[in-house]
Amino acid sequence: MTRQISIYNSLTRQKEIFKPLTDGHVGMYVCGPTVYSDVHLGNCRTFVSFDVIYRYLLYIGYQVRYVRNITDVGHLLDDGEDRMLKGAKTNNLEPMEVAQKYTVGFHDMMRIFNTLPPSIEPRATGHIIEQIEMVQVILDNGYAYIKNGSVYFDTLKFAEATGEYGKLSGRIIDDLIAESRDNLKNQDEKNHPSDFAIWMKATEEHIMKWNSPWSVGFPGWHLECSAMSTKYLGKKFDIHGGGNDLKFPHHENEIAQNIGSCGCHPASYWLHTNMLLMNGKKMSKSDGNTISPVELFTGDSTHVTKGYSPMVVRFFMLQSHYRSPNDLTDEALSAAEKGYKRLMEAFKIVKVYPCPVKQKVLWTKKLSIFLMEH
RNA sequence: GGUCGGGUGGCCGAGCGGCUAGGCAGAGGUCUGCAAAACCUCGUACAGCGGUUCGAAUCCGCUCCCGACCUCCA
C-alpha cells in the first residue's frame with residue numbers, strides 16, 4: 001500500500017531505503033522553535049520542508065505521528081543571560097507571557113505558510129517531570145555526575161563505554177579522550193569540556209525554575225527533545241529531523257542521552273535541512289543581511305523590490321531541495337512568483353476540466369501536495 | 001584548523017561512464033480591438049586543474065568557492 005522511498009540518512013551519510021519500524025506507520029520528531037523572539041525566516045524554511053516531507057509520507061499511504069516541540073524553558077546565552085529572562089526584561093513580561101506570545105506568533109506564521117500542524121506539539125515546560133526522570137535514569141546508569149546541584153552528562157565515560165559519542169557529527173572520540181588530560185584544570189564545574197548540563201541549578205534571579213532531587217533549577221537544553229520524543233514516539237522511532245545547525249551539539253547530545261538512559265539509538269533516520277541564504281550569504285543581523293517573514297511579505301526591506309505573498313515564498317523555498325542551501329534573492333523570488341502563478345492557473349484548469357473523475361481526483365491530489373490546498 | 005553538507009546554463013533541478021532531462025525566468029513569434037492567458041520557437045551548462053578511459057558532469061587525485069557545526073542559532 002505504501003510506495004518504497006529512499007532518504008538520505010545523516011547518521012550513515014548515505015541514501016537508504018526507508019523501512020519504518022512498524023509497517024504503514026511513521027513516527028517523526030522534528031526539533032521545534034525556542035520561543036523567545038519572532039520566528040526567523042530560516043526557521044520557516046525548515047518547517048516548510050518538513051511539512052512537505054510529512055505531507056508526502058501521508059500521501060504515499062503512511063499513518064504518521066508527527067511530533068514537533070516548543071522549547072519554552074529558558075536557556076543560557078553566551079553572556080550567561082537566560083533567553084526567557086532577557087525576553088521578559090525587554091518586553092516587561094512574565095517569562096510564560098514571553099513564551100506564550102512567541103508561541104502564538106509562531107503558530108500564526110506556520111498557518112500563513114500553510115503548514116499542517118503536527119500531530120503532537122509538546123512543550124518543554126509541560127514535561128519537567130519526564131525530564132527529571134530521565135536525568136535520574138542517566139545518573140543511575142552512571143553516565144552523569146552531580147556538581148553543586150547541577151547534573152552533567154559524562155561524555156568521556158559514555159564515549160569509552162559505548163563508542164557512540166560523535167557518530168552523527170563526525171567528532172572523533174579519540175580526540176575527545178586525548179583532550180581530557182589537558183583540560184582537567186577546567187575553570188567550571190564540568191569534568192570535561194564536552195560534558196553538558198542535563199540539569200542546571202538556578203541562580204537567585206533565574207525566573208523559570210523547578211524543584212528536583214538535585215536543586216531548584218531547570219533542565220538542560222538537549223534534554224527536552226530526548227524526553228518528549230521518548231514519551232510520544234517511544235524509545236525507538238523512525239525519523240528525527242531538524243536544521244543542520246542542530247547536528248552538533250544538540251542532536252549528538254540527544255542521542256547520547258537516549259542511549260545513556262534506554263540503551264538504544266532513538267531514531268533510525270536523521271534528516272537535516274540545509275540553510276536559507278540571502279544574496280548568496282548567510283543571514284546575519286549584524287551586517288544587515290537579514291529579512292523577516294513580515295518584511296518579505298510587505299516588501300518593507302531594501303533587499304526586495306516588492307512584497308511576495310507567503311505562498312510564493314513557500315513555493316520558492318520548495319524549489320530547492322531541502323538538503324541544498326536555498327538562496328533568497330529578489331530576482332529568484334520574482335521568477336518564482338511568475339512560476340507559481342502559472343502553476344496555479346494550470347491547477348484551476350485541471351479542477352474544472354471535464355475528465356474521468358478518478359483521473360481528476362488523482363491529479364488534484366498530486367498537485368495539492370505542492371500547492372497546499374487542503 | 002577539524003567535522004559535515006553543497007557547488008550542473010539567469011533561478012531551480014534530474015542525470016551518477018557514452019544517446020543535448022525537465023521546469024521557471026528571459027527573448028522572439030502566433031492568436032487576440034488592447035492586455036492577460038494559451039500556444040510555437042530559441043539555451044550544449046556541468047567550479048578549476050590534472051589523471052584513468054576509445055569516451056567523464058558522472059570514476060580517482062589536487063585545488064578553489066559557499067554554508068553549517070566545533071558549548072547551546074533551523
Side-chain angles (χ1 to χ4, degrees), chain A residues 8 10-15 30-34 36-37 39-50 68-69 71 73-80 82-83 106 152-153 155 166-176 179 186 188 190 192-198 200 220-225 241-254 270-286 290 312 315-346 348-349 370:
Chain A
Y8 182 87
S10 306
L11 194 61
T12 57
R13 301 186 223 305
Q14 59 186 5
K15 258 191 195 174
V30 174
C31 290
T34 307
Y36 59 90
S37 64
V39 230
H40 181 76
L41 190 62
N43 224 152
C44 296
R45 189 222 174 173
T46 297
F47 299 131
V48 164
S49 295
F50 280 105
R68 188 184 64 205
N69 65 291
T71 294
V73 173
H75 292 295
L76 299 179
L77 294 168
D78 292 341
D79 57 10
D82 182 280
R83 286 212 162 110
F106 169 68
Y152 293 96
F153 192 94
T155 50
K167 268 194 177 171
L168 178 70
S169 56
R171 314 280 133 160
I172 320 260
I173 292 166
D174 291 344
D175 291 355
L176 182 72
E179 217 185 330
N186 215 13
D188 59 89
K190 296 191 283 185
H192 189 274
S194 66
D195 291 351
F196 56 93
I198 50 179
M200 287 285 277
W221 175 45
H222 319 294
L223 196 65
E224 83 263 24
C225 289
N244 76 182
D245 53 351
L246 290 184
K247 223 189 250 183
F248 189 87
H250 188 244
H251 289 158
E252 196 70 73
N253 290 170
E254 239 187 281
W270 286 80
L271 269 58
H272 288 98
T273 57
N274 216 134
M275 298 293 103
L276 180 72
L277 308 178
M278 187 157 74
N279 299 318
K281 297 278 170 198
K282 69 169 177 179
M283 286 202 180
S284 154
K285 271 184 195 164
S286 54
T290 187
V312 166
F315 181 72
F316 166 74
M317 286 175 170
L318 293 175
Q319 277 186 314
S320 64
H321 185 94
Y322 74 89
R323 282 203 309 128
S324 302
N326 190 196
D327 189 10
L328 190 100
T329 62
D330 190 54
E331 195 191 3
L333 278 167
S334 83
E337 181 174 57
K338 285 169 191 163
Y340 176 71
K341 279 182 180 160
R342 193 167 179 204
L343 190 60
M344 286 310 288
E345 280 303 318
K348 269 187 226 158
I349 293 165
F370 297 101

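Quick note on labels: first sequence line is chain A, next is B, and so on, each numbered from 1.
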K.L.:
Tell me which nucleotide among B:rG5, B:rC70, B:rC66 gets nearest to the side chain of A:Lys281.
P.N.:
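In terms of side-chain proximity for A:Lys281, the closest of B:rG5, B:rC70, B:rC66 is B:rC66.
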K.L.:
What does A:His40 touch in the nucleic acid at a heavy-atom separation under 4.0 angstrom: a base, only the sugar-phosphate, or nothing?
P.N.:
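Base contact.
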K.L.:
At 4.0 Å (heavy atoms only), tell me whether A:Asn253 reaches a base, stays on the sugar-phosphate, or touches nothing.
P.N.:
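No contact.
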K.L.:
Would you say B:rA68 has OP1 or OP2 under 4.0 Å from some side-chain N or O of A:Lys247?
P.N.:
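False: A:Lys247 side-chain N/O out of range (4.0 Å or more) of B:rA68 OP1/OP2.
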K.L.:
Base, sugar-phosphate or nothing for A:Phe248? Non-hydrogen atoms, less than 4.0 Å.
P.N.:
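Sugar-phosphate contact only.
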K.L.:
From B:rC70, B:rG67, B:rC4, pick the nucleotide closest to the side chain of A:Pro249?
P.N.:
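Among the listed nucleotides, the one closest to the side chain of A:Pro249 is B:rC70.
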K.L.:
Could you tell me whether A:Gly280 contacts a base, only the sugar-phosphate backbone, or nothing, with contacts defined as non-hydrogen atoms closer than 4.0 Å?
P.N.:
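Sugar-phosphate contact only.
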K.L.:
Does A:Arg323 place a side-chain N or O at less than 4.0 Å from the phosphate oxygens OP1/OP2 of B:rC4?
P.N.:
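Looking at the OP1 and OP2 atoms of B:rC4, neither is under 4.0 Å from any side-chain N or O of A:Arg323.
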K.L.:
Cut-off 3.5 Å, side chains only: do A:Thr155 and A:Asp195 have a donor facing an acceptor?
P.N.:
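Looking only at side-chain atoms, A:Asp195 and A:Thr155 do form a donor-acceptor pair, the distance falling under 3.5 Å.
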K.L.:
By nearest atom, which of the nucleotides B:rA25, B:rC72, B:rA74 is closest to the A:Lys338 side chain?
P.N.:
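Closest nucleotide among those given: B:rA25.
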K.L.:
What does B:rC72 pair with, Watson-Crick or G-U, if both distances are under 3.5 Å?
P.N.:
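The base-pairing partner of B:rC72, which may sit in any strand shown, does not exist here.
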K.L.:
Check whether any side-chain N or O of A:Asn244 sits under 4.0 Å from OP1 or OP2 of B:rA68, and answer yes or no.
P.N.:
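No, outside the criterion.
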K.L.:
When you check the phosphate oxygens OP1 and OP2 of B:rG23, does a side-chain N or O of A:Arg342 lie under 4.0 Å from one of them?
P.N.:
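No, because none of the side-chain N or O atoms of A:Arg342 sits under 4.0 Å from OP1 or OP2 of B:rG23.
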K.L.:
Just call it for A:Tyr8: base, sugar-phosphate, or nothing, with non-hydrogen atoms closer than 4.0 Å on any strand.
P.N.:
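Counting heavy atoms under 4.0 Å across all strands, the contact made by A:Tyr8 is with sugar-phosphate only.
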K.L.:
How is A:His272 classified with respect to the nucleic acid when contacts are heavy atoms under 4.0 Å: base, sugar-phosphate, or nothing?
P.N.:
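A:His272: no heavy atom of the nucleic acid under 4.0 Å.
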K.L.:
A:Ala335 side chain: which of B:rG6, B:rA25, B:rA74 is closest?
P.N.:
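Shortest atom-to-atom distance from the side chain points to B:rA25.
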K.L.:
Regarding A:Leu276, tell me which of base, sugar-phosphate or nothing describes its non-hydrogen contacts under 4.0 Å with the strands shown.
P.N.:
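Base, at least one base atom sits under 4.0 Å.
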